[in-house]
S.K.: 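Just passing along the structure, written as structure tokens.
Here the structure is a predicted model, which means the values were calculated and not measured. Basis for what follows: all heavy atoms, side chains included, without hydrogens, waters or symmetry-related copies.
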Amino acid sequence: MAISSGIKRRTLFAAGLGLLAAPVILRERAEAAATGESTKMDSTPLPEINQFKLGSYKFIVVRDGINISENPHETYGTDQDPEAVEALLTANFLPADKLVNGYAPALIDTGSDVILVDTGFGAAGRPRGAGKLLEGMKAAGYSADDVTVVGLTHLHGDHIGGLMENGAPAFRNARYVVGQAEYDFWSNKAREGTPVEGGHKAVLANVAPLAEKTTFIKDGDSVAPGMTAMLAAGHSPGHMVFHVESEGKRLVLTGDTANHYILSLLRPDWEVRFDMDKAQAAATRRKVFDMIASDKIAFLGYHMPFPAVGFAEKQDGGYRFVPKTYQFDI
């Protein structure tokens, strides 16, 4: 029987791929057998990045790292019975005894600016596999020197740790945009000797040295052309979210307004250990995600499942997270 040349080419191409892949697969299996490893899932040799378009703007989301912790009920739903937290996780096909938290700084190339929103852990996180922002930017074709604006949703350590490298500014060509209320709280000497003294010291080390190049903003102020800040306090005293719009397309960078796609969104009123004003944080979650759900706006949540971008739909008194797929690619 005659076989078409197209089929032949495809068959040979597939066979070629198999031959190329086989030595790699065999080597990995041999290494696993020698070391007793049964999986390579724990290693991430390359930085994880995701790129998409919003109008004429280009977004690059970088996975700065992950953290695995135990006993989710000690962080989320701290005002609920532990069994209720465990039941909600189990109902959503998640383990009840462990939690994975990711960190997702984002780069926005507007054509005139390269804006970085939040900076991850930086050098302090690298010994435990975090601090991958600069590596991810490089994989996307950007260097730290390309960044012209750094906007910070708030000043917790996992958002400001990447501001400095070896005692010098990591983004030496950038100007900085920080909420005035947030900076005033964390830089105040009144924080000394309190439970948040560690955060105070981190701000003095990472943010205060950049004050001369920083614009301090309030609710409604511009971060950069096409990008506006909105006060969304509760998680921290001056926490901000950033609205981005290009060619009629909109996206909100929600920072830490909601920190888990099930425990924070489906149950927005549940208390979260890391929220400094828990009642205000819950009210803010409802305000921000009512807006996102009602207006059908995309959002990027710093701790949502990577690539941390999706939509929110009202459901069961809270919100269902709908991760992005190809909406931004066509």
S.K.: Before accepting this row, confirm whether a basic side-chain N of the pair R267/D316 lies closer than 4.0 Å to the acidic partner's carboxylate O.
M.R.: yes
S.K.: Is it true that D221 and K218 have a side-chain N and a carboxylate O under 4.0 angstrom from each other?
M.R.: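 Yes, D221 and K218 are salt-bridged.
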S.K.: Would you say D118 and T153 are linked by a side-chain donor-acceptor pair, where the criterion is simply a distance under 3.5 Å?
M.R.: yes
S.K.: Report the residue from Y319, F289, F242 that forms a ring-ring contact (aromatic ring centres under 6.0 Å, His included) with F299.
M.R.: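 For F299, the ring-ring contact (aromatic ring centres under 6.0 Å, His included) test succeeds with only one of Y319, F289, F242, which is F289.
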S.K.: Check E135 with K138, please: is the shortest side-chain N to carboxylate O separation under 4.0 Å?
M.R.: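 Salt bridge flag = no for E135 with K138.
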S.K.: Of all heavy-atom pairs between D329 and F52, which one has the smallest distance, and what is that distance?
M.R.: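 The answer is OD1-CB, 4.4 Å.
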S.K.: Salt bridge check: are E313 and R320 linked by an N-O gap of less than 4.0 Å?
M.R.: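 Looking at E313 and R320, the cut-off is met.
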S.K.: Evaluate L134 against E165 for side-chain contact (heavy atoms from CB on, under 4.5 Å), listing each step before the verdict.
M.R.: CA-CA 10 Å; L134 296 180; E165 281 285 330; 3.9 Å; yes
S.K.: Under 3.5 Å, side chain of Y183 to main-chain N/O of I217, donor-acceptor pair present?
M.R.: no
S.K.: Which donor-acceptor pairs under 3.5 Å do side chains of residues 92-103 form with protein atoms, sequence neighbours excluded?
M.R.:
| unit_1 | atom_1 | unit_2 | atom_2 | d |
| --- | --- | --- | --- | --- |
| N92 | ND2 | L88 | O | 2.8 |
| N101 | OD1 | H303 | ND1 | 3.1 |

S.K.: Using atom types as modelled and distance alone, determine if a side-chain donor or acceptor of D109 lies under 3.5 Å from a backbone N or O of V114.
M.R.: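 Flag not set: sc D109 to bb V114 has no pair under 3.5 Å.
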S.K.: Is it true that R286 and D269 make a salt bridge, defined as a side-chain N closer than 4.0 Å to a carboxylate O?
M.R.: yes
S.K.: Give a yes or no on whether the backbone of F171 and the side-chain of D145 come within a donor-acceptor separation of less than 3.5 Å.
M.R.: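 A pair under 3.5 Å: no.
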S.K.: Can you tell me if R285 uses its side chain to pair, donor with acceptor, with the backbone of A258 under 3.5 Å?
M.R.: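 Such a contact is absent between R285 side chain and A258 backbone.
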S.K.: Are any side-chain N or O atoms of D275 and backbone N or O atoms of D277, one a donor and one an acceptor, separated by less than 3.5 Å?
M.R.: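 Answer holds: no.
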S.K.: Is there a donor-acceptor contact under 3.5 Å from the side chain of S222 to the main chain of T228?
M.R.: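 Checked: no pair found.
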S.K.: Tell me, yes or no, whether the heavy-atom count around K249 atom NZ, taken from other residues, nucleotides or ligands under 6.0 Å, exceeds 12.
M.R.: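 Count not over threshold, so no.
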S.K.: Is a donor on one side and an acceptor on the other found under 3.5 Å between the side chain of D64 and the backbone of L133?
M.R.: yes
S.K.: Can you tell me if E182 uses its side chain to pair, donor with acceptor, with the backbone of L155 under 3.5 Å?
M.R.: yes
S.K.: Side chains of H239 and D256 only: does a donor on one sit below 3.5 Å from an acceptor on the other?
M.R.: no
S.K.: Taking atom NZ of K324 as the centre, report whether more than 12 heavy atoms of other residues, nucleotides or ligands fall under 6.0 Å from it.
M.R.: yes
S.K.: Donor-acceptor pair, Q280 side chain versus K278 backbone, under 3.5 Å?
M.R.: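 Absent.
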S.K.: Any side-chain heavy atom of Y302 within less than 4.5 Å of one from T257?
M.R.: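 Result no, sub-4.5 Å side-chain heavy-atom pair not found.
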S.K.: Kindly state each residue pair satisfying ring-ring contact (aromatic ring centres under 6.0 Å, His included) with at least one member in residues 192-214, sequence neighbours excluded.
M.R.: none
S.K.: Apply side-chain contact (heavy atoms from CB on, under 4.5 Å) to residues I160 and L152 and explain how you reach the verdict.
M.R.: CA-CA 8 Å; I160 66 171; L152 300 172; 4.2 Å; yes
S.K.: Okay, side chain of R273, backbone of E74: is any donor-acceptor separation there less than 3.5 Å?
M.R.: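 Here the side-chain-to-backbone pair exists.
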